[in-house]
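Working notes for the structure below.
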Amino acid sequence: NNNTITNTVLPTDPNRIKQTWAAQVGNNTIVIVDDYIYTYNGVSGNTDTSGGGTLYKLDKETGEVVSTLSLSVGTTYYYSYMIYGGGLLYISCPDSVMAIDPDSFTLLWTAAVPMKMYSTVQFVNNCVVTNGTVLNSTTGEKIATLSCQSSLDWSSGAEVDNRFYVAAGKKVYAYDTATWAEVDVLTFEGSGHTFAMHAADHAVVQKFAAMIPVSRFLVNTPAALGGIGATTGLFPALTLGCGAVGGSSSSNNISPMDLI
């Protein structure tokens, strides 16, 4: 009731609550898509993924098992999760994630991810996020590694206004869902200063350059040396301006010309 807890006994009609069918199949997450229910049975109660598992497709009106799919990667009934996004099913395991087409009921791809005991999975901006790894939802190709990956443990994030927020290691991290950069750390602690990245794709460099609020944007060079001009064409200086966005009167590497 408007986000307040109300201790009220609601009227119920026992005749409206009844079991219409039962099917003994999976022992884990269920996902309902259109006219079907999807669930799977985990092969173990720990992080052992050496075995397989079975994904079931049931008619949601009758409980009839329409189809089954043997999974090549071991699922667990404690540490695996399943979601639906972008027309596909995704099942996370302690060390991998699988994508399944629910219509053809075929396995499309499997991607390895760093081992985590509680492998939550989410669909964010056409990406699959699990175990601190961001994957292309169509191909399973790795897009990014979240900076908080080593601290993650059973952490599910939330997407709000093109930001992905996740708690890890007693901190809350925020990532831009277009680039998966931890932009908010820069915003709160270092706007206007320096950003460095290593990339061979010019389009990726341009995307970051258009979004990061810094005075020095370095590519394929050490940040500590490039920022002070040792490995770049910037003026050699140890005093670096942050510009208006950082509350400074200059965005230059401060030189004698700034004192004239």
Side-chain angles (χ1 to χ4, degrees), residues 111-114 122 124-153 155 157-260:
V113 294
Q122 292 175 269
V124 181
N125 192 27
N126 293 317
C127 297
V128 176
V129 184
T130 182
N131 292 12
T133 302
V134 183
L135 305 171
N136 182 299
S137 60
T138 304
T139 65
E141 179 183 2
K142 179 180 174 180
I143 295 175
T145 298
L146 302 185
S147 58
C148 64
Q149 185 181 73
S150 62
S151 302
L152 284 171
D153 186 12
S155 302
E159 181 188 11
V160 180
D161 296 332
N162 300 318
R163 289 287 191 269
F164 180 70
Y165 300 91
V166 62
K170 299 182 179 180
K171 295 181 180 179
V172 176
Y173 295 80
Y175 299 92
D176 188 294
T177 57
T179 63
W180 293 101
E182 194 179 337
V183 178
D184 285 357
V185 170
L186 177 69
T187 302
F188 293 132
E189 298 181 2
S191 292
H193 202 281
T194 306
F195 180 87
M197 68 179 298
H198 294 262
D201 190 335
H202 186 65
V204 173
V205 174
Q206 286 186 314
K207 179 185 289 187
F208 274 82
M211 299 181 62
I212 307 299
V214 292
S215 301
R216 281 154 296 277
F217 188 93
L218 311 177
V219 180
N220 296 334
T221 189
L225 297 176
I228 62 175
T231 60
T232 60
L234 298 173
F235 185 85
L238 296 178
T239 302
L240 311 181
C242 294
V245 69
S248 174
S249 62
S250 174
S251 60
N252 300 334
N253 283 23
I254 303 302
S255 72
M257 296 302 296
D258 291 280
L259 305 178
I260 297 178

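Just so it is clear, the structure is predicted and the values come from calculations on it, not from any experiment. Atoms considered below: every heavy atom in the structure, side chains included; atoms not considered: hydrogens, waters and symmetry mates.
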So for atom CD, which belongs to Gln206, do other residues, nucleotides or ligands contribute more than 12 heavy atoms lying within a distance under 6.0 Å?
yes
For [X] against [Y], the heavy-atom pair lying closest together:
X: Gly227; Y: Leu234; answer: O-CD1, 3.9 Å
X: Ser250; Y: Asp258; answer: OG-OD1, 3.4 Å
X: Val205; Y: Ala199; answer: CG2-CB, 4.0 Å
X: Ala196; Y: Thr221; answer: CB-O, 4.4 Å
X: Cys148; Y: Val166; answer: SG-CG1, 3.8 Å
X: Ser248; Y: Gly241; answer: OG-CA, 4.0 Å

[atom2] on [Y] to [atom1] on [X], rounded to 0.5 Å:
X: Thr179; Y: Glu182; atom1: OG1; atom2: CD; value: 11.0 Å
X: Leu238; Y: Ile254; atom1: CG; atom2: CD1; value: 12.0 Å
X: Arg163; Y: Asp176; atom1: CZ; atom2: CG; value: 4.5 Å
X: Met197; Y: Asn220; atom1: CE; atom2: CG; value: 8.0 Å
X: His193; Y: Ser251; atom1: NE2; atom2: OG; value: 12.0 Å
X: Asn253; Y: Thr194; atom1: CG; atom2: OG1; value: 7.5 Å

From the options Asn126, Val128, Ile143, select the one residue that forms a side chain to side chain contact (heavy atoms under 4.5 Å, CB included) with Asn136.
Ile143
Once you measure the plane-to-plane angle for Tyr175 and Phe164, does it fall in the parallel (<30°), tilted (30-60°) or perpendicular (>60°) bin?
tilted
For residues 208-215, tabulate all N or O donor-acceptor pairs below 3.5 Å that involve a side-chain atom, not counting sequence neighbours.
unit_1: Ser215; atom_1: OG; unit_2: Gly192; atom_2: O; d: 2.7

Decide side chain to side chain contact (heavy atoms under 4.5 Å, CB included) for Asn252 and Phe235; before the verdict, give the C-alpha distance in whole Å, the side-chain angles of both, and the deciding distance to 0.1 Å.
CA-CA 8 Å; Asn252 300 334; Phe235 185 85; over 6 Å; no
Between Asp201 (side chain only) and Ala203 (backbone N and O only), is there a donor and an acceptor less than 3.5 Å apart?
yes
